[in-house]
Amino acid sequence: MTRPDDHSRPLAGAPERPSGGIAARALAARGGPAAMREANYLANLNPEQRAAVETTEGPVLVLAGAGTGKTRVLTTRIAHILASRLAYPSQILAVTFTNKAAREMKTRIGLFVGAEVEGMPWLGTFHSIGVKMLRRHAELVGLKTNFTILDTDDQIRLMKQLIQAENLDDKRWPARTFANMVDGWKNKGLKPEEIPEGDARAFANGKGRQLYAAYQERLKSLNAADFGDLLMHPIAIFRAHPDVLADYHRRFRYILVDEYQDTNVAQYLWLRLLAQRSRRTGDDTDEPINVCCVGDDDQSIYGWRGAEVDNILRFEKDFPGAAVIRLERNYRSTAHILGAASHLIAHNEDRLGKTLFTDAGIEPDHEKVEVNAAWDSEEEARAIGEEIEQLQRRGHKLNDMAILVRASFQMREFEDRFVTMGLNYRVIGGPRFYERLEIRDALAYFRCTVQPADDLAFERIVNTPKRGLGDTTVRLLHDHARAKGIPLMAAAAEIAATEELKSKPRRALDDLTKNFARWASLLANTKHTDLAEMILEESGYTEMWQNDRSAEAPGRLDNLKELIRSMEPYDSLPGFLEHVALVMDAEQNADLDAVSIMTLHSAKGLEFETVFLPGWEEGLFPHQRSLDEGGRSGLEEERRLAYVGITRAKQRAKLWFVSNRRIHGLWQSTIPSRFLDELPEDHVEVKEANSSYGGYGRGGMGGYGASRWDADAFSTTSYQTPGWKRAQAARAAETRPDTAWGSRSGHKERAISYGDQGVSGSDVRRSNRETDLAAKADRYARMSEERAQGGSGTAMPSNGFAGRLERSGRGVYEPASGGGRGSNRPPSRGLGLNAAARDGGPREIEGTLVAKSVATEESRFKVGDRVFHLKFGNGSVAAVEGNKLTIDFDRAGQKRVLEGFLQDA
DNA sequence: GAGGTGTTCCTTTTT
DNA sequence: GGAACACCTC
């Protein structure tokens, strides 16, 4: 591993800027050398970090690799600015993406400078700072200062109304899809009149633009803003009102941005407006722009929601003369883990290039990155569960272990397993507290109390609990409200005072509106928690759940109590609601020792002693959809995700892949991820999948291969082990495309080709186990033979990338029976056909094509033949209909399967 | 208006 | 397989 010594080299050809020079001068001018000497917080920094902290003047880009002390640099930098009296706390704008990051920064700066953090009003997330600015200038975009912030759910309901108002089929044009589109536009900073023509046409027969504009109008009339607006509006304000912008220019002396690689266009525009100026202060000198962005292009994993890596790649152009500082000295992981991660990420082309290194050498007790194989996802969960217990027995804390999955459906298997085992776990980033139904209902009540004009909140709870105020009544309210230009609540009150409704709904409306009026009158002089409780009681909401017999009702009641409790720290109901709108997460209890389960995405920024990375299979990871929709850049983002995953580990990274996984309810055979191929041999140990042979399934814990985790088993296996060979063999089988996820075929083909392989009885997997295991060895042997004939399946790091990409471009899977065209068909043709069907063609065509190819063939099996099936083992043919066969399996019972999955026994 | 049944979808997710 | 949603019936 090389150790770059020029830690502040520019990105590309830009003149080197003397790092520290200006800073030193500034320091001398303002704080004097004494400030430097006293600054013992600098002593703990390495030279690169120190440069990042001390280069206070002018634009700075800090490329901070995983585990190189990014947060430390950011916080120390702020502390340094404060301690050196370069700026007051209120003159520093520091933005993060998540509340968690903001909180952490606040805490850590507090450790340096004490109470001064309280005075850092401009440290927060993009959105919270956006709200703050917007509340100050709301009238400039036609809002009132007390505008409400809509969450996604409100947003979708609103859009649905608009779509229906246009007489569009809201099934054909779902509000959710439209919400995503609008989100995407806002991420790009585009107003309705600015969206590309193509986008505008794409939705609702060309009504996209019109709907977007109508939506914005609706928001304005509701005095509401969605998340995107929290940045869009400030941008519009800055552009239209230079005086406002100039005011912020005067205010902020330093701007710091965390996770710069994740910024989207809107955030970028917002930042640039704030940061790009010749600062004209009273003394009329142009000072340089002191913007400091910290990020890691290798950890950019949010492209799919609008993040533009390009922002970080382009930093020097945007801010000429920028100092670029690379942090490459890693303090987190062992050399094996770093070696594996670095080698993997080196397969990406679009990167600024960093090489992580560690000062710690390779110690004998450092474990290599492990690659493990399992038969199916159940075994994977079981084996990982047992390994966790082993580690626990050796004294490791569960809190130090994490399972990082690509997709959340993978979590379930682990949860099931851990529940059975009695192993503590916590799921991070599951359904968020404030997104729960009962919480949202309760919040809607509070919103209506605080803000009677909040129509969306009103609609949400007008008939919850049931009050006999159904569609008819609500429509009447709408009409009345619209006709008179008043909010729903007011309309309700008016209508309740007339004879327009029958007595029952009229009475209900009257009660409801009077209740809200009464609660509102209590706002000023009642403790907010008491009031909240009162509202839930008196509205009948609590009672509704008390009377609910369903299993989740008690939990919901608990959540409501928790909600009231979480309001304690706030001083008013409105204050609490503002917080909730921006902070959707709730703290988890950290006292419990538990394994963390989370997605790779939510693992960014975290670290664990031991990290389990299951599901490294083609199609799942890299995810098929990323490949289909993102092409090469999609693949690269997946690879960055893999990089993020591995670099979460301090001591141990354990990768897993399985041969069979159930996807959308169907069992599918899978092949190891190409990313496994891209790992360097030196730092990786391929574990033997001895569960295939051990007494697995004979019940009892450790039933399969207790030796597996013995010290001996950790010894010198490598790429020559049976495990690796099997992996390669399985991969080689890809040349004859017989796996669903490995192919580029769309969903439709998969569903049809594999439809009959689904397991109908839930008992099958268990009863089938022994068969599976015997079959496994068999199957691998077959694969090896095929591999011998079919050329090398090896893809070594240097060339593996290109090879794999090409190979993934295959045609529709065709069952391998009767010498079908599947394997012989030229890839290009297959791909073209697929791509056309997938991208443009009507779905019907796609279905027909495939259905035809599957259905017209005659079976080569006849009743009575003995057959072998990968999942169900051996059996005999009971009936034949075209290529669909009914098989009496020896262990799995009778199944209907596609011929393509059968072989001669 | 409520409750039961059919249909469709299925990556990642913050604010 | 299963959740979420839409539609349909009583």
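This structure is a prediction, so every number in the text was calculated from the model and none was measured. All chains are named by letter (A, B, ...) in the order of the sequence lines, taking the proteins before the strands, and each is independently numbered beginning at 1. Only this structure's heavy atoms are used, side chains among them; waters, hydrogens and symmetry mates stay out.
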Task: Minimum-distance nucleotide to A/H664 side chain [options: B/dT15, B/dT12, C/dG1] - done: C/dG1
TODO: Output the single nucleotide from B/dT15, C/dG1, B/dT14 whose closest atom is nearest the side chain of A/T125.
DONE: B/dT15
Which atoms of nucleotides 5-10 of chain C (N or O only) lie under 3.5 Å from a protein N or O atom, and what are those distances?
| from | atom 1 | to | atom 2 | distance (Å) |
| --- | --- | --- | --- | --- |
| C/dA6 | OP1 | A/K160 | NZ | 2.8 |

With sequence neighbours excluded, what pairs up with [X] under the ring pair (Phe, Tyr, Trp, His ring centres under 6.0 Å) test?
X: A/F458; answer: none
X: A/F178; answer: A/F203
X: A/W304; answer: A/Y302, A/H601

Task: Sub-4.5 Å side-chain heavy-atom contact between A/D296 and A/Y260 - done: no
Open item on the list: I'd like to know if the side chain of A/N348 pairs up with that of A/D298 as donor and acceptor (distance under 3.5 Å, no hydrogens or angles considered).
Closed with: no
Open item on the list: For a quick check under 3.5 Å, do A/D441 and A/Y541 share a side-chain donor-acceptor pair by atom type?
Closed with: yes
- [ ] With C1' as the reference atom in both, quote the distance from B/dT14 to C/dA3 in angstrom, rounded to an integer.
- [x] 23 Å
Task: Span that lies between the C1' atom of C/dC5 and that of B/dT12, in whole angstrom - done: 23 Å
Output one line per pair: protein atom, nucleotide atom from nucleotides 1-6 of chain B, and distance, for all N/O pairs under 3.5 Å.
| from | atom 1 | to | atom 2 | distance (Å) |
| --- | --- | --- | --- | --- |
| B/dG1 | OP1 | A/G468 | O | 3.4 |
| B/dG1 | OP1 | A/G470 | N | 2.2 |
| B/dG1 | OP2 | A/D471 | N | 3.0 |

What is the distance, rounded to the nearest whole Å, between atom [atom1] of [X] and atom [atom2] of [N]?
X: A/E259; N: B/dT15; atom1: CD; atom2: P; result: 12 Å
X: A/I149; N: B/dT15; atom1: CD1; atom2: P; result: 13 Å
X: A/Y260; N: B/dT14; atom1: OH; atom2: P; result: 22 Å
X: A/E415; N: C/dG1; atom1: CD; atom2: P; result: 19 Å
X: A/L613; N: B/dT12; atom1: CG; atom2: P; result: 17 Å
X: A/R412; N: C/dG2; atom1: CZ; atom2: P; result: 6 Å
X: A/Y302; N: B/dT13; atom1: OH; atom2: C1'; result: 6 Å
X: A/K186; N: B/dT14; atom1: NZ; atom2: C1'; result: 16 Å

- [ ] Give the minimum heavy-atom separation between A/V644 and A/K604, together with the two atoms involved.
- [x] CG1-CA, 4.1 Å
Open item on the list: Whether A/T599 contacts B/dT13 is assessed here as follows: a side-chain N or O lying under 4.0 Å from the phosphate OP1 or OP2. Is that the case?
Closed with: yes
Open item on the list: Less than 4.0 angstrom between a side-chain N/O of A/N99 and OP1 or OP2 of B/dT14, yes or no?
Closed with: no
TODO: Just call it for A/E638: base, sugar-phosphate, or nothing, with non-hydrogen atoms closer than 4.0 Å on any strand.
DONE: base
Task: Matching residue for A/E638 among A/R406, A/R674, A/R632 - test: salt bridge (Lys or Arg N to Asp or Glu O under 4.0 Å) - done: A/R406
- [ ] Could you list the residues that satisfy side chain to side chain donor-acceptor pair (under 3.5 Å) with A/W185, not counting sequence neighbours?
- [x] A/D199
Task: Centroid-centroid under 6.0 Å between A/F621 and A/W616 rings - done: yes
